[in-house]
Amino acid sequence: MKINWKVRFKNPLFVAQLGMSVLVPILAYANLTVQDLTTWKALGDLLLGAFSNPYVLGLVVISVYNAILDPTTKGINDSLNVLNKEVE
């Protein structure tokens with residue numbers, strides 16, 4: 001698995017996609033929306049409950065996997081162009 005993590009995390013769209021790939025399956029399972037999370041405690045309780053549930057954890061893993069995949073390359077790799085790219 002060759003991924004240029006520095007380049008990916010420099011891209012705000014990737015960071016947002018990764019964050020949403022964790023949060024959305026948890027919210028859907030709990031039958032909540034983002035508007036329901038009005039305190040940091042509520043968010044923490046939701047995340048703690050989700051990560052103690054194997055089913056929800058599986059949904060999150062699959063969602064994160066899909067966010068990381070580059071459909072233009074074979075396997076879980078970045079293209080040579082991206083691997084050789086430097087962070088600006």
Side-chain angles (χ1 to χ4, degrees):
M1 183 168 78
K2 295 181 182 179
I3 297 175
N4 192 339
W5 293 107
K6 290 179 184 178
V7 170
R8 286 202 183 199
F9 277 102
K10 186 78 174 176
N11 182 344
L13 185 61
F14 174 75
V15 174
Q17 181 181 6
L18 196 59
M20 294 305 287
S21 70
V22 171
L23 189 59
V24 169
I26 295 171
L27 288 172
Y29 181 80
N31 198 26
L32 297 172
T33 65
V34 178
Q35 291 83 5
D36 296 322
L37 301 176
T38 56
T39 65
W40 290 109
K41 183 178 179 344
L43 177 62
D45 291 344
L46 179 69
L47 293 175
L48 186 60
F51 285 103
S52 63
N53 182 327
Y55 177 72
V56 176
L57 192 56
L59 292 175
V60 169
V61 167
I62 291 168
S63 184
V64 168
Y65 173 78
N66 286 327
I68 292 172
L69 263 183
D70 179 357
T72 64
T73 61
K74 184 177 179 183
I76 307 174
N77 296 311
D78 282 336
S79 66
L80 290 176
N81 185 31
V82 173
L83 288 173
N84 294 326
K85 190 174 186 179
E86 296 293 323
V87 177
E88 299 171 0

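Enclosure of atom CG in Asn31 is not indicated, since only 12 or fewer non-hydrogen atoms of other residues, nucleotides or ligands lie within 6.0 angstrom.
Atom CD1 of Ile26 sits about 6.5 Å away from atom CG of Leu23, to the nearest 0.5 Å. Distance check: Ser63 OG to Ile68 CD1 gives 10.0 Å after rounding to the nearest 0.5 Å. In this structure, Ser52 OG and Leu57 CG are separated by 9.0 Å, a value rounded to the nearest 0.5 Å.
Between Leu43 and Thr39 there is no side-chain heavy-atom pair separated by less than 4.5 Å. Looking at Tyr65 and Ile76, their side chains come closer than 4.5 Å, going by heavy atoms from C-beta outward. When side chains are defined from C-beta on, Asp70 does not count as touching Asn77, because their heavy atoms never get closer than 4.5 Å.
Identified under the salt bridge (Lys or Arg N to Asp or Glu O under 4.0 Å) test for residues 5-19, with sequence neighbours left out: Arg8-Asp78. Residue pairs satisfying the salt bridge (Lys or Arg N to Asp or Glu O under 4.0 Å) criterion with at least one member in residues 42-68, sequence neighbours excluded, are listed as follows: Lys41-Asp45.
The cluster map of Ile, Leu, Val, Met, Phe, Trp and Tyr, joined by side-chain heavy atoms under 4.5 Å apart, puts Leu13 and Leu18 in different clusters. Linking Ile, Leu, Val, Met, Phe, Trp and Tyr residues whenever their side-chain heavy atoms come within less than 4.5 Å places Leu27 and Trp40 in a single cluster.
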Full working for side-chain contact (heavy atoms from CB on, under 4.5 Å) between Asn4 and Phe9
CA-CA 9 Å; Asn4 192 339; Phe9 277 102; over 6 Å; no
Which is it for Ile62 and Asn66 under the side-chain contact (heavy atoms from CB on, under 4.5 Å) test, yes or no, and what are the steps along the way?
CA-CA 6 Å; Ile62 291 168; Asn66 286 327; 3.8 Å; yes
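Every residue two or more places apart in sequence or in another chain that forms a side chain to side chain donor-acceptor pair (under 3.5 Å) with Tyr29 is listed here: Asn53.
Side-chain N or O atoms of Asp36 include none that pairs as donor or acceptor with a backbone N or O of Leu32 at under 3.5 Å.
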